[in-house]
Amino acid sequence: QVRLVESGGGLVQAGDSLRLSCAASGIPVGRTTMDWYRQTPGKERELVARISSGGTTEYADSVRGRFTISRDWPRNMVFLEMNSLKVEDTGVYFCNTISRSRNFWGPGTQVTVSS
């Protein structure tokens, strides 16, 4: 069974850094496209970062240059390193993948950035 569990969220100040983790089971993260989404209050769920099965990364314009997505293949984990955090980065962050035409989501981890 596919299972994704996020961790690492918290309350930080603008300009701080935070590293989110996604522990995966039932899928090989090294051979699967893995995404980070966020649900910002008052906005639609947004794709913020993606790493393809081949290792290519993509970022939303709002986070490019500040966020980095990476994988730890031996541990089957995905990470999102967030630097220079802004108040508008506040939201619930979700790990996501697609396996056999189905979307799989973790329960999310809350990130709150104060001014």
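When a residue number appears, it is its place in the shown sequence, counting from 1.
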Which side-chain N or O atoms in residues 106-115 pair as donor and acceptor under 3.5 Å with protein atoms at least two apart or in another chain?
residue : atom : partner : partner atom : Å
T109    : OG1  : G9      : N            : 3.0
Q110    : NE2  : T112    : OG1          : 3.2
S114    : OG   : V12     : O            : 3.3

Original post:
Heavy-atom count around R75 CZ within 6.0 Å, excluding the residue itself: above 12?
Top reply: no
Original post:
For atom CZ of R3, is the number of surrounding heavy atoms from other residues, nucleotides or ligands below 6.0 Å larger than 12?
Top reply: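 No, because the 6.0 Å sphere around CZ of R3 holds 12 heavy atoms or fewer from other groups.
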Original post:
Can you name the residues that form a salt bridge (charged side-chain N to carboxylate O under 4.0 Å, His left out) with E88, not counting sequence neighbours?
Top reply: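 Partners of E88 by the salt bridge (charged side-chain N to carboxylate O under 4.0 Å, His left out) criterion come out as none, since no residue qualifies.
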**OP:** Decide yes or no for D72 and P74: does some side-chain heavy atom of the first lie under 4.5 Å from some side-chain heavy atom of the second?
**Re:** yes
Original post:
Below 4.5 Å, heavy atoms only, C-beta onward: do W36 and E6 meet side chain to side chain?
Top reply: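 Result yes, sub-4.5 Å side-chain heavy-atom pair found.
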**OP:** Check the hydrophobic clustering (I, L, V, M, F, W, Y; side-chain heavy atoms under 4.5 Å; chains of links allowed) and say if F79 and I51 are grouped together.
**Re:**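 No.
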**OP:** Looking only at non-hydrogen atoms, find the nearest pair between S17 and S84 and report the distance.
**Re:**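 What the structure gives for the nearest pair is OG-N, 4.3 Å.
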Original post:
Which residues pass the ring pair (Phe, Tyr, Trp, His ring centres under 6.0 Å) test with Y37, sequence neighbours left out?
Top reply: W105
Subject >> Evaluation steps, side-chain contact (heavy atoms from CB on, under 4.5 Å), between L85 and F67 >> reply: CA-CA 9 Å; L85 283 163; F67 290 12; 4.0 Å; yes
**OP:** Verify salt bridge (charged side-chain N to carboxylate O under 4.0 Å, His left out) between K86 and D89, making sure each step is shown before the conclusion.
**Re:** CA-CA 5 Å; K86 303 176 180 180; D89 293 321; over 6 Å; no
Original post:
About how many Å separate CD of E81 and CG of L18, when rounded to the nearest 0.5 Å?
Top reply: 10.0 Å
Subject >> Distance, nearest 0.5 Å, that separates SG of C95 from CG of L4 >> reply: 4.5 Å
